[in-house]
Amino acid sequence: MSKPSTPPRIPNFSSGPCAKRPGYDVAQLDLSALGRSHRSSLGKKLLGAACSETARILGLPEGYRVGVVPASDTGAVEMALWSLLGARGVDMLAWESFGSGWVTDVVKQLKLKDVTRHEAGYGDLPDLSKVNFDNDVVFTWNGTTSGVRVPNGDWIPADRKGLTICDATSAVFAMELPWEKLDVITYSWQKVLGGEGAHGMLILSPRAVERLESYSPPWPLPKIFRMTSGGKLTEGLFKGETINTPSMLCVADYLDALKWTDSLGGVKALIARSTANLKVIEDFVAANPWIHFLARSKETRSNTSVCLTLDLPEDKVKALVKLLESEGVAYDIGAYKDAPAGIRIWCGATVETSDLQALMPWLKWAYEQVKA
């Protein structure tokens, strides 16, 4: 096979930080808050808009709170774990590295005793029918490092007694989420919307707020984890009054991404873009027997972090990734360090379908080069 002649226009296929939106120009951002305090009236207004616009565009149920919190998705998840767990037993689900990290937090750091673990290897889901919703349940919606997602929310009962705590960082804005069945939802700006890093988003249901106001965990809470004062929710946190100092440049960037989402028609439009991107890879995999989805079931296949294995030894896979990067056609597509050897191509809405279409011939060419 001769070397393809047309490269992707934008070769950024990283699974985080992800590609910026099409047409992005930092010079177009509203930078009026730069050099101003985040506690100024302007700073609070913009941070409040980040919360309220998120709730509006996602279509969150009435009573759900949205807050900007420190330390990206990891910070948001750990705020929830440290603040909410311990009142009931906990069911932990893990089928890739980040879910396994939350298990470590709960078992080795919080040292909770009544913990049931539901685990599966890369490519599979645990048996969801065995989850006990009398307990609190912690899970990822989409396994970013495995490309395996839960197919829907049918397995979550509406009359559950425990809370559902969902790390949805590579799912929010790209997948349909059953908000009424999720009590805590976390994500970060640098995934589906292609925003900047270091800031997390924490969404709480009324049930989660009730837990916060009725339960105090027995362990110390760092300042950046505290969401209550005097037994009541700190409502300002969910109106733009952040716990610590955020980057107002990153806030402007996030608001730009939300505006772009609105201009396309909202979340459904972003889901459609991600689904179209996945279809490009599905067609390529169907036509080439040497490449395979890591997700064993089509129903659990991610439409954002698409993980693939190749009929090559690990050193050849790494050579393929390096070759594509040296040609300037695909950056940062190597599998996550703890995952099986392979590649991971981000298919979120900020990636243009035409760039994925342009990448596929290069992927085939690179495979033939390293195999030879």
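Distance alone, capped at 3.5 Å, is enough to place a donor-acceptor pair between the N303 side chain and the A174 backbone. Looking at K111, its side chain does come within 3.5 Å of a backbone N or O of K108 through a donor-acceptor pair. For N288 (side chain) and W290 (main-chain N/O), no donor-acceptor pair under 3.5 Å exists by modelled atom type. Side-chain N or O atoms of Q190 include none that pairs as donor or acceptor with a backbone N or O of G16 at under 3.5 Å. When atom types are taken as modelled, the side chain of R65 and the backbone of G63 share a donor-acceptor pair closer than 3.5 angstrom. Distance alone, capped at 3.5 Å, places no donor-acceptor pair between the T186 side chain and the L202 backbone. Checked by atom type and distance alone, the side chain of N277 pairs as donor or acceptor with a backbone atom of G348 at under 3.5 Å. R344 contributes no side-chain N or O that, together with a main-chain N or O of S305, makes up a donor-acceptor pair within less than 3.5 Å. Judged purely by atom type and a 3.5 angstrom limit, E96 uses its side chain to pair as donor or acceptor with the backbone of T145. A donor-acceptor pair is defined here as one N or O able to donate and one able to accept, closer than 3.5 Å; such a pair exists between the side chain of H199 and the backbone of S247.
Hydrophobic cluster membership is shared by L60 and L270, with clusters built from Ile, Leu, Val, Met, Phe, Trp and Tyr side chains linked at under 4.5 angstrom. Cluster annotation: Y187 and V184 are assigned to distinct hydrophobic clusters (Ile/Leu/Val/Met/Phe/Trp/Tyr, side-chain heavy-atom contacts under 4.5 Å, transitive). Side-chain heavy atoms closer than 4.5 Å link hydrophobic residues (I, L, V, M, F, W, Y) into clusters, and following such links, even through other members, never connects L93 to V107. Clustering ILVMFWY residues whenever any of their side-chain heavy atoms sit less than 4.5 angstrom apart, transitively, puts L278 in the very cluster that holds V150. Follow the hydrophobic side-chain contacts under 4.5 Å out from L310 and you reach V280 in the same cluster.
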What donor-acceptor contacts under 3.5 angstrom involve side-chain atoms of residues 238-246, with partners at least two apart or in another chain?
residue: T242; atom: OG1; partner: N244; partner atom: O; Å: 2.7

Could you go through S354 and E352, starting from their C-alpha distance and side-chain angles, then the distance that decides it, and tell me whether this counts as side-chain hydrogen bond (donor to acceptor under 3.5 Å, both in side chains)?
CA-CA 5 Å; S354 58; E352 295 278 36; 5.3 Å; no
Carefully, step by step, assess E196 and K20 under the rule side chain to side chain contact (heavy atoms under 4.5 Å, CB included).
CA-CA 9 Å; E196 292 302 300; K20 305 301 287 186; 2.8 Å; yes
Start with the C-alpha gap between T234 and M227, add the side-chain angles, then the distance that decides, and say whether side chain to side chain contact (heavy atoms under 4.5 Å, CB included) holds.
CA-CA 6 Å; T234 305; M227 292 183 276; 5.7 Å; no
Using salt bridge (charged side-chain N to carboxylate O under 4.0 Å, His left out), reason through D256 and R21 one step at a time and then give a plain yes or no.
CA-CA 9 Å; D256 173 81; R21 67 166 178 83; 2.8 Å; yes
After noting the C-alpha distance and the side-chain angles of D114 and R88, does the key distance pass the side chain to side chain contact (heavy atoms under 4.5 Å, CB included) rule?
CA-CA 8 Å; D114 187 5; R88 290 176 174 268; over 6 Å; no
Evaluate the side chain to side chain contact (heavy atoms under 4.5 Å, CB included) criterion for residues L363 and I291: first the C-alpha distance (whole Å), next the side-chain angles of each, then the deciding distance (0.1 Å), finally the verdict.
CA-CA 10 Å; L363 184 54; I291 187 168; 3.9 Å; yes
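W189 is listed as a side-chain neighbour of V68, based on a closest heavy-atom distance under 4.5 Å. Considering only heavy atoms from C-beta on, W362 stays 4.5 Å or farther from T6 through its side chain. In this structure the side chain of L128 never reaches within 4.5 angstrom of the side chain of D154, judged on heavy atoms. With a 4.5 Å cut-off on side-chain heavy atoms, Y64 and I185 count as touching. For the pair L125/P151, a side-chain contact is recorded, criterion being any heavy-atom separation below 4.5 Å from C-beta on. Taking the side chain as every heavy atom from C-beta outward, P217 and L85 never approach each other to under 4.5 Å. Residues P361 and M1 are in side-chain contact: their nearest non-hydrogen atoms beyond the backbone lie under 4.5 Å apart. The side-chain heavy atoms of D253 and Y24, taken from C-beta on, include a pair separated by under 4.5 Å.
A side-chain contact (heavy atoms from CB on, under 4.5 Å) with I345 is found for exactly one of I281, V351, D332, namely I281.
Annotation: ring pair (Phe, Tyr, Trp, His ring centres under 6.0 Å) contacts of W260 (sequence neighbours excluded): none. Residues passing the salt bridge (charged side-chain N to carboxylate O under 4.0 Å, His left out) test with E327 are K3, sequence neighbours excluded.
With salt bridges taken as basic N to acidic carboxylate O contacts below 4.0 Å, none links D355 and R9. The pair R56-D262 meets the salt-bridge criterion, since a charged nitrogen lies less than 4.0 angstrom from a carboxylate oxygen.
Rounding to the nearest 0.5 angstrom, the gap separating the CD atom in Q369 from the CG atom in L324 is 10.5 Å. With rounding to the nearest 0.5 angstrom, the CH2 atom of W346 is 5.5 Å from the NZ atom of K191. To the nearest 0.5 angstrom, I271 atom CD1 is 11.0 Å from T304 atom OG1. Atom CG of residue L58 and atom CE of residue M201 lie 8.5 Å apart, to the nearest 0.5 angstrom. Considering CG of L255 and OG1 of T54, their distance stands at 8.0 Å, rounded to 0.5 Å. If you take CG on L84 and CG on L204, they are separated by 7.0 Å, rounding to the nearest 0.5 Å.
The local environment of CD in E368 is crowded, with over 12 non-hydrogen atoms from other residues, nucleotides or ligands closer than 6.0 Å. Atom CD of E235 has more than 12 neighbouring heavy atoms from other residues, nucleotides or ligands inside a 6.0 Å radius.
The shortest non-hydrogen separation linking I57 to L258 is CD1-O, 3.6 Å. Heavy atoms only, all atoms of each residue included: N135 and G89 are closest at CB-O, 3.1 Å. The shortest heavy-atom contact between A171 and L177 is CB-CD2, 4.5 Å. Listed here is the closest heavy atom pair of N132 and V137: O-CG2, 3.9 Å. In terms of heavy atoms, R39 sits closest to K44 at O-CE, 3.4 Å. The heavy-atom pair separating L212 from S83 by the smallest distance is CD2-CB, 3.8 Å.
Side-chain heavy-atom separations under 4.5 angstrom define the hydrophobic clusters, and the remaining members of the one that includes Y122 are L294. Chaining together hydrophobic side chains whose heavy atoms lie under 4.5 Å apart leaves Y331 on its own.
Ring orientation note: the planes of W155 and F133 are tilted relative to one another, at an angle of 30° to 60°. Ring pair F139/W141 is tilted by interplanar angle, where 30° to 60° counts as tilted.
For the side-chain hydrogen bond (donor to acceptor under 3.5 Å, both in side chains) condition, the pairs that include at least one residue of residues 167-185, sequence neighbours left out, are W102-D167, N142-S170, T144-S170, R160-D183, T164-D183, T169-S188, E176-K268, D183-S205, D183-R207.
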